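Encoded as structure tokens, the structure appears first; notes follow it.
Because the structure is a prediction, the values reported are computed rather than measured.
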Amino acid sequence: MSDLEATEQLAAISNYTAQKLAGDATGHGIDHINRVVTNAKMLLAEEPSADYLITLSSAYLHDVIDDKLVSDVSSAQRDVENFLRGIEFDPDQVQAVMFIINNMSFSKTLTDDQQPLPLEGQIVQDADRLDAIGAIGITRAIYYGGHHSEKIYDPNIAPRTNMTKSEYRNLKNETIINHFYEKLLKLPESMNTPVAKKIAKGRQKTMTTFLEDFKAEWNGLS
Ligand code: ADP
Ligand code: NI
């Protein structure tokens, strides 16, 4: 057991993440992280057997080692491990957090190397996915697409199916609207926990209504 209280450890982790993601302009800033933490707390209330510190630490750290946000993933991983040791996480706790943050991303599910997540990881994955859908999800997709110079929409470019991870990251012919069909509309059915599934259903409706309205306006119909 560490001498530091869990609340002190989580405050230190929050500061660490805020510093690492400062200046993000892709929808992965500290506001995203704070919403994921809030979602994770809400899901934790329904899943009392999950470890609180491991879940929330992973929620805070899930994007600081992401290959789309950092150029040297191994070095970012070592930095997180050293930091966690420095705030008195024991080796099992460090390993638990690293396993979750290395295996929870959507892009990981497009590789041959998918690993089943423990309950704590399932909660963080749901918490992150909830922030990718609904009104916030629509806003983040547009923000991300704008940052990467994606086209808004092109009716002649069909959404891609069965993408590999590198195809998913190749944005050459990507459009913001296609991203909904390629990923965001699929997230509700992939939720792990019953509560997240229920919330996701409502957010799905927000996205389908948006897409219907978008296409009607595009075609000058409303
Ligand atoms: P993960 O980190 O789980 O692999 P992503 O990196 O795919 O997830 O996505 C994180 C956020 O970036 C999501 O909110 C998503 O909508 C947005 N995003 C990812 N790829 C695109 C894209 N091609 N166009 C628009 N938004 C995207
Ligand atoms: Ni995230």
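Between the side chain of Glu167 and the backbone N or O of Thr164 there is at least one donor-acceptor pair closer than 3.5 Å. With hydrogens and angles ignored, the 3.5 Å screen pairs no side-chain donor or acceptor of Glu217 with any backbone N or O of Phe214.
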Please list, one pair per line, the donor and acceptor atoms closer than 3.5 Å that link side chains of residues 19-30 to other protein atoms, with sequence neighbours excluded.
{"unit_1": "Lys20", "atom_1": "NZ", "unit_2": "Asp79", "atom_2": "OD2", "d": "3.3"}
{"unit_1": "Asp24", "atom_1": "OD1", "unit_2": "Thr26", "atom_2": "OG1", "d": "2.8"}
{"unit_1": "Asp24", "atom_1": "OD2", "unit_2": "Thr26", "atom_2": "N", "d": "2.9"}
{"unit_1": "Asp24", "atom_1": "OD2", "unit_2": "Thr26", "atom_2": "OG1", "d": "3.4"}
{"unit_1": "Asp24", "atom_1": "OD2", "unit_2": "Gly27", "atom_2": "N", "d": "3.2"}
{"unit_1": "Asp24", "atom_1": "OD2", "unit_2": "His28", "atom_2": "N", "d": "2.7"}
{"unit_1": "Asp24", "atom_1": "OD2", "unit_2": "Gly29", "atom_2": "N", "d": "3.2"}
{"unit_1": "Thr26", "atom_1": "OG1", "unit_2": "His28", "atom_2": "ND1", "d": "2.9"}
{"unit_1": "His28", "atom_1": "ND1", "unit_2": "Thr26", "atom_2": "O", "d": "3.4"}

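Counting heavy atoms of neighbouring residues, nucleotides and ligands inside a 6.0 Å radius, atom NZ of Lys197 exceeds 12 of them.
Side-chain rings of Tyr143 and His147 stay apart, their centers remaining 6.0 Å or farther from each other. Aromatic ring centroids of Tyr168 and Phe106 lie under 6.0 Å apart.
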### Query
Do Gln77 and Asn102 pass the side-chain hydrogen bond (donor to acceptor under 3.5 Å, both in side chains) test, and can you show the C-alpha distance, the side-chain angles, and the key distance before you say yes or no?
CA-CA 9 Å; Gln77 287 169 335; Asn102 282 325; 2.7 Å; yes
### Query
Stepwise, does the side-chain hydrogen bond (donor to acceptor under 3.5 Å, both in side chains) test hold for Asp113 with Gln115?
CA-CA 6 Å; Asp113 181 31; Gln115 304 285 339; 3.3 Å; yes
### Task
Apply salt bridge (Lys or Arg N to Asp or Glu O under 4.0 Å) to the pair Lys165 and Asp112, showing each step before the final yes or no.
CA-CA 10 Å; Lys165 180 170 173 178; Asp112 294 334; over 6 Å; no
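The salt bridge (Lys or Arg N to Asp or Glu O under 4.0 Å) pairs that include a residue from residues 41-63 number zero, where partners must be two or more places apart or lie in different chains.
Note that the NE2 atom of His179 and the CZ atom of Arg140 stand 9.0 Å from one another [nearest 0.5 Å].
Between Phe210 and Phe180, the ring-plane angle classifies as tilted under the 30° and 60° cut-offs.
A salt bridge is defined here as a Lys NZ or Arg NE, NH1 or NH2 lying under 4.0 Å from an Asp or Glu carboxylate O, and Arg160 with Glu174 meets this definition. Salt-bridge check for Arg203 with Asp131: failed, with every basic side-chain N at 4.0 Å or more from each acidic carboxylate O.
Inspection of the Gln125 and Asn192 side chains reveals an N or O donor paired with an N or O acceptor under 3.5 Å. For the residue pair Thr193 and Asp126, a side-chain donor N or O sits within less than 3.5 Å of a side-chain acceptor on the partner.
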